[in-house]
Every structure is written in C-alpha cells, then in structure tokens.
Amino acid sequence: MSSAPLLKVEGLKVSYGHIEAVKGIDFELREGEITTLVGANGAGKSTTLLALSGLVKKAAGRVSFDGRDLSGMAPHRIVQSGVVQVAEGRATLTTLTVRENLELGAYTRRDGHAQRLRDLDYVYGLFPRLAERADGLAGNLSGGEQQMLAIGRALMAKPRVLLLDEPSMGLAPIIVQDIFRTLRTINQAGLTIFLVEQNVRQALKIADRGYVIETGSIVLADSGQALLGNPRVQEAYLGS
C-alpha cells in the first residue's frame, strides 16, 4: 500500500457569515487507505467535505489532489478529476429508476459505453439488491437500499477518492454492518476512501487513519486502532 499523500488539505477555513465552522485544519489522505474524520454533530465534518467538493467556498487554505490544486475549481470539474462525494441524506432521484440513477453517475465520463456497462455490472455485484430492483423507482427503495444506490452512483463516476458523508445515518445496525463491509471491499480493490461519520466506533474500526474534529479544529490524529484505544476518544465518543 502506497504511503504517498493523494489528497492534501492545508489551512482549510470555512465560514458561514461571522461563524467560523472550520478553523484552519490540515490533513491528508494516503493512496489506497481509508481515512476517517469523526466528531460530534456540528463539529465541522460535513462542512469539510463540502469544501473538498467545491460545494461551499473556502475562506482560506489549499486542497491539492495528486499534486493539482483544486481550489476554485467547479464541483463538476472536481468530480472529473477523480474526487467524488456521496452526500449526506443520499440525494437519490426518486422519480427515476435505480438503473437511471446509476447511469447518471457516469455523466462526466468520456469513455465508451462498454466500459460503463462493465462498471454497472460491478456495482450490481457489490449490491445485488440494486440489480434485483434495477427497473423500479428509486423512491420505492428502503433507506439502506438508497444508501447503496448513492454509493453505487458515485462509483459510476470512476473516482480515485470517494468521499462519504454519514453513510450510517438513519440505518438499522445490520444494514450499517453491510455498508461498512462493502466499503472495505471497495477499498481492498484499490479505492481511496474518506469517511465522515458520527458512528465513531464503526468508522475507526475500518479506518487506516483517523482524525478527530471538535468545534472546527482537529484535536487528535492517529491510526484508527490507536484512536479506538485512546482514553479521550473512549470517554467522549464511545461511552467508556
């Protein structure tokens, strides 16, 4: 597994009016790893992801991907460059079919139809439930199935880095286990993952590296396993 930083964030600040939501944070994603950003609700996790995707404006700082500065780049260009986000709340297009949602994930691609069909088959292999319901409306899927669809749609964009915002939100524990198992499988196939998650235990269990954010500042950084065993993390987030 490579230790080279694939995506690097330096001095990232994001403000909403006079409120500084993210306060000059630094972190990096190493190629082929799962990195997680954990913390309480309102700590700045989702805002950080939105800034990486170009969906909120940075007040300061630099985001570089594979040596290329993403600052000021339009969101669709960031997707084309290989950084793709699965939004909080899933954002599936409920009046389209499952297959149509997945095909829309490939809208920035310029490769051939045959390659997109192969990738569609790959997604169906990861999530057999989506294959079973391919011609049904996305709005008729359960919450867990919609999360699978949102991840599958992002994979259709051929990301090199997959950004995930709270994939466990609102899902039953058994579905959460399935989702996290699939994230491991995707990662083992070579995809770099950045996971923002309130379910601290689940996130740190699968993460190679983790960062803890509190009120807009990163307060801890270590391996996922080390953070799981950290008394401060256990007391604040794991009820120990």
Side-chain angles (χ1 to χ4, degrees), residues 1-2 6-7 29-39 45-46 49 82-92 98-99 101-102 105 118-134 136 138 140-212 222-229 233-234 237-240:
M1 197 178 278
S2 170
L6 181 60
L7 188 144
L29 311 184
R30 295 180 182 273
E31 190 162 11
E33 291 189 353
I34 298 177
T35 304
T36 189
L37 181 66
V38 298
K45 303 186 305 297
S46 293
L49 273 196
V83 179
V84 181
Q85 180 170 345
V86 179
E88 181 183 343
R90 303 182 267 281
T92 50
V98 168
R99 184 185 177 103
N101 268 270
L102 292 171
R118 282 194 290 272
D119 291 334
L120 192 60
D121 285 340
Y122 172 68
V123 170
Y124 286 152
L126 287 171
F127 301 112
R129 194 81 180 109
L130 298 183
E132 293 167 14
R133 310 201 59 179
N140 294 332
L141 299 179
S142 68
E145 290 164 346
Q146 288 197 27
Q147 185 63 68
M148 295 171 193
L149 178 57
I151 294 170
R153 185 177 57 192
L155 292 175
M156 288 298 294
K158 294 290 282 185
R160 290 183 63 200
V161 173
L162 184 66
L163 311 176
L164 291 133
D165 195 357
E166 305 281 9
S168 75
M169 182 179 285
L171 302 182
I174 192 166
I175 303 298
V176 172
Q177 296 277 1
D178 282 346
I179 295 288
F180 276 75
R181 230 184 338 260
T182 304
L183 294 181
R184 260 191 230 244
T185 299
I186 296 166
N187 170 251
Q188 286 164 356
L191 183 59
T192 303
I193 293 176
F194 187 43
L195 173 64
V196 159
E197 185 53 74
Q198 249 181 293
N199 189 330
V200 173
R201 191 183 304 277
Q202 283 285 355
L204 291 176
K205 269 185 183 177
I206 70 165
D208 296 287
R209 186 162 183 80
Y211 296 89
V212 179
D222 212 327
S223 71
Q225 287 303 307
L227 287 174
L228 262 179
V233 173
Q234 290 180 346
Y237 302 106
L238 303 178
S240 305

- [ ] Kindly determine whether Asp119 and Lys158 satisfy salt bridge (Lys or Arg N to Asp or Glu O under 4.0 Å), including the steps that lead there.
- [x] CA-CA 8 Å; Asp119 291 334; Lys158 294 290 282 185; 3.7 Å; yes
Open item on the list: Can you tell me how far apart CG (Leu228) and CG (Leu204) are? Round to the nearest 0.5 Å.
Closed with: 4.5 Å
Open item on the list: Looking at every non-hydrogen atom in both residues, tell me the closest pair between Pro159 and Ala154 and how far apart they are.
Closed with: CD-O, 3.4 Å
- [ ] Provide the full list of salt bridge (charged side-chain N to carboxylate O under 4.0 Å, His left out) pairs with a residue in residues 185-194, sequence neighbours left out, each pair given once.
- [x] none
Open item on the list: Does this structure show an ion pair linking Glu197 with Lys45, if we count only N-O contacts that are shorter than 4.0 Å?
Closed with: no
- [ ] Would you please name every residue forming a side-chain contact (heavy atoms from CB on, under 4.5 Å) with Ala207, sequence neighbours left out?
- [x] Ile34, Thr36
Exercise answer: donor-acceptor pairs, residues 171-184 side-chain atoms, under 3.5 Å, sequence neighbours excluded:
residue	atom	partner	partner atom	Å
Asp178	OD1	Arg181	NH2	2.4
Thr182	OG1	Asp178	O	3.0

Using atom types as modelled, flag every donor-acceptor pair under 3.5 Å from a side chain in residues 120-132 to any protein atom, sequence neighbours excluded.
residue	atom	partner	partner atom	Å
Arg129	NE	Glu145	OE2	2.6
Arg129	NH1	Glu132	OE1	2.7
Arg129	NH2	Glu145	OE2	3.4

Open item on the list: What I want to check is whether the side chains of Thr192 and Glu31 have a donor and an acceptor closer together than 3.5 Å.
Closed with: no
Task: pair Val38-Tyr211: side-chain heavy atoms closer than 4.5 Å - done: no
Task: Sequence-distant partners of Ser46, side-chain hydrogen bond (donor to acceptor under 3.5 Å, both in side chains), two or more places apart - done: Glu88, Asp165
TODO: State the CD1-CG distance between Ile193 and Leu162, to the nearest 0.5 angstrom.
DONE: 5.5 Å
